[in-house]
Amino acid sequence: MKYEAIIFDLDGVICHTDKYHYEAWKAIADKLNIEFNETINNRLRGVSRMESFNIILEKYDGVMSEKKKLKYAEEKNDIYKELLKNMSEKDLSKEVRETLTELRNKGAKLAIGSSSKNAKFILNQIGLGDFFDAISDGNNITKSKPDPEVFLKAAEYLNLPAEKCLVVEDAVAGLEAAIDGKMDSSAIGDAVSSGKATYNLDSFKDLLSILN
Ligand code: B16
Ligand code: MG
């Protein structure tokens, strides 16, 4: 097998939380009278919480202290976490669940490589709390995607060299992180059109043919 492990991005690959990120950031943007729309929200994919807020603040008429930024980012996270409580096993598609099981049965190690500090909470909500062999997320990194740290940590947790790992991503920042980390990648969703991935997936289950 060319790859011994697959490292999955979480949001936008395993499940979809963008509508909750949107709702929570929108509440903060409204409070600050900042324009916020789907186009800006799309730029936040795979980007850390504070970097996301800095993107939102591009439309802010003024300068905000770091302390205030942290306060608003925390407030956003409180709203977001409340919304995440709506998630359940129903938010894990049959295709993703079955494909993950088949990949494991083929002998692949499976890991998460997510920028989110809420990754474990989300995995618990969708019934995958104990499923993965390793979880590398926003809590164990100092630099966010496009830096490769989150994926390199996942490989380290799995005890595997980078070239044995395949990354699955929906964000361009994540594909760039994989390239920088010398890992092959599979793009899904919006990331496909970037042309930066080793493979483009029409559908999650296409991973099964890559692993053959
Ligand atoms: P949090 P991923 C990313 O997750 C999201 O795509 C991105 O929109 C979010 O800002 C980031 O996590 C940080 O999330 O505020 O929960 O720490 O796509 O890398 O799984
Ligand atoms: Mg993502």
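Order of listing sets the numbers, starting from 1, for every ligand and every atom in it.
Within 6.0 Å of atom NZ in K143, 12 or fewer heavy atoms from other residues, nucleotides or ligands are found, so the atom counts as exposed in its surroundings.
Defined by atom type and a distance below 3.5 Å, a donor-acceptor pair is present between the side-chain atoms of N118 and N77.
Contact check for F131 versus L123: no side-chain heavy atoms found under the 4.5 Å cut-off.
Note on residues 144-202: no pairs pass ring pair (Phe, Tyr, Trp, His ring centres under 6.0 Å), not counting sequence neighbours. Evaluation of the ring pair (Phe, Tyr, Trp, His ring centres under 6.0 Å) test over residues 45-91, restricted to residues two or more places apart or in two chains, returns H21-Y80, W25-F53.
The side-chain contact (heavy atoms from CB on, under 4.5 Å) test with S185 singles out one residue from I7, N200, L175, and that residue is L175. In summary, of the residues considered (I6, I14, D9), a side-chain contact (heavy atoms from CB on, under 4.5 Å) with V168 occurs for I6 alone.
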N54 vs K69, side-chain hydrogen bond (donor to acceptor under 3.5 Å, both in side chains): CA-CA, chis, key distance, verdict
CA-CA 9 Å; N54 281 330; K69 279 189 199 175; 3.0 Å; yes

Steps toward side-chain contact (heavy atoms from CB on, under 4.5 Å) verdict (I55, L44)
CA-CA 8 Å; I55 292 172; L44 312 182; 3.9 Å; yes

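A heavy-atom cutoff of 4.0 Å around ligand 1 is satisfied by the protein residues D9, L10, D11, H21, L44, R45, G46, V47, S48, R49, S52, Y80, S114, S115, S116, K117, N118, K145.
With waters neither drawn nor counted, the protein N/O/S atoms under 2.8 Å from the Mg ion (ligand 2) amount to 3.
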